[in-house]
Amino acid sequence: MEPLRFPENDLFKGWGEPLRTESTIEGLEIIQGAVPEGLEGTLYRNGADWQYPSNRPDDIFIDGEGMFHMFRFENGQVSYRSRWVQTDRYKLQQKVKKQVFGRYRNKFTNAPEAGDVDMGTANTTAMFHAGHLYALKESDLPYEMDPDTLETIGRTDMAGQITSASFTAHPKVDPLTNELLAFSYQAKGDGSKDVVFYLFDGDGKKINEVWFEMPYAACVHDFAVTDEWIVFPFFPLITDMDVVKAGGTYFQWNPDQETVIALVPRYGDASGIRWFRGPATSAGHMLNAHRDGSKVHLDVCLYEGNCFAFFKTPQGETTPVVPPFLTRITVDLERNESGFEKTRLMGPSCEMPRTDDRVQGRPFRHGYMIVYRSADGSSSTGHLNLETGELEIWSPGPGDTVQECQFVPRTPDSAEGDGWLLVPVARVAKGRSDLVVLDAQNIAAGPVCTIKLPVRVRSTFHGTWVPAETLKTGRYAYALGAG
Ligand code: V55
Ligand code: FE
């Protein structure tokens, strides 16, 4: 066999160096403060690592096998565990002892040993619903995980209820109603224009399903919800199956195509869909959406250009790297026009926006995000008060970076924003991580608790918090207190 060696790629250097190892650490050292009283539960996060080196120089950061992480808070102590998601693809590669899957989502670049095994990496997020924990990738069905051991239970179509080829990695579990809102895009397979919206009740039973077509075979990484409308933004990062079949990239940036927004009725059918259009922009992540009279607001980290510079135009041109700005896109259902308005909500650029999960789809005040405003490569955690416009910041220190934060309510019925932010921090120069706990109402004061990891938690994408009680009952017992 050829020597295993990672290709020359900045992706595999420094903090991004493949770690390729699973950890089990009981009783992490708490190097500052103490775990707040009542913070009992598990933070699950998901990211990508590299099982075997490929021979391609063009691997991209959103690819790689799922590495699933958990931080369990119990009685003032925190334990950490990380495990590979044992996807069909992972297991096959483990057997043949090398990388046999090709370019991101392009099965035509797989080695013959891959056969017709699905390319899903299950690397993007963790979802807990109706008593089950899942690892998700938007190009594949969910994988169920054991919530205590992180053993992979297996791929699931949720008892036949998911009839699409894939399932989003940005579902919304409503912790007040226990409903699960989710979708699939390219839902009838690679390159298809089909989208399906799914609504499940708190017991995991599908109660609505709306199929429709998008204007082109877009990358629909995230969506947003309101009480009446589901908001689907379509950005012109488009799959051209002729390009894919010829071994090219799965998506291409098409600046001559429009941004299209579909409002789908949450409890209705496809006949009620409303469409809105504007110039080409792109985005990965939504902060939230809410209804305001006849208007629907979508708050999104919007790129005025291509959010993924590694996807070129059909002419093979690389497009400039543009920063994401938190932007409110507003449509008015009463005005008989198909445009939308855009308003910038915050000065510095930001990504990985989150709210208190209890306000998803509802009028809200507080947003949390990774803020980019330093020249030294570091990043910060931000708290934006959308009512006052005030931005509060916590910085981990020179050269260090923060990952997406997770809000945890102080009590199950505290007011919006009264709680904690859990933030994985990369201590870049030290080659290891911390998990810090910030008071969400005073993040600038710095951590109330710093939990030291002796290992590097490589960059993860997204995750979820499951209260100890919810892990037992399968239900969130949250309410939203008056602010
Ligand atoms: C995104 C992330 C993905 C992916 C497609 O952030 C889009 C956007 C982590 O994987 O497969
Ligand atoms: Fe994402």
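In listed order, ligands and their atoms are each counted from 1.
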Rounded distance (nearest 0.5 Å) linking atom CZ of Phe68 with atom CG of Asn46 | 5.5 Å
Check the side chains of Ser395 and Arg373 for a donor-acceptor pair under 3.5 angstrom, ignoring hydrogens and angles.
-> yes
Would you tell me whether Arg72 and Thr42 have side-chain atoms, one donor and one acceptor, within less than 3.5 Å of each other?
-> yes
Between Phe461 and Phe61, what is the ring plane arrangement, given parallel below 30°, perpendicular above 60°, and tilted in between?
-> tilted
Donor-acceptor side-chain pairing of Gln403 and Thr460 below 3.5 angstrom | yes
Side chains of Phe407 and Arg358 in contact at under 4.5 Å (non-hydrogen atoms) = yes
Note on the Fe ion (ligand 2): protein N/O/S atoms within less than 2.8 Å are His170 NE2, His221 NE2, His285 NE2, His462 NE2
Residue list, side chain to side chain contact (heavy atoms under 4.5 Å, CB included) with Asp146, at least two apart or on another chain | Asp148, Thr149, Glu151, Ile153
Using the side chain to side chain donor-acceptor pair (under 3.5 Å) rule, collect all pairs that involve residues 219-228, keeping only residues at least two apart or in two chains.
-> Glu138-His221, His170-His221, Lys172-Asp222, His221-His285, Asp227-Arg291
List below, pair by pair, the N or O atoms of ligand 1 and of the protein that are less than 3.5 Å apart, including the distance to 0.1 Å; reply 'none' if no pair qualifies.
unit_1	atom_1	unit_2	atom_2	d
ligand 1	6 (O)	His221	NE2	3.3
ligand 1	10 (O)	Lys137	NZ	2.9
ligand 1	11 (O)	Tyr104	OH	2.6
ligand 1	11 (O)	Lys137	NZ	2.6

Side-chain donor or acceptor of Gln186 paired with backbone N/O of Val195 under 3.5 Å = no
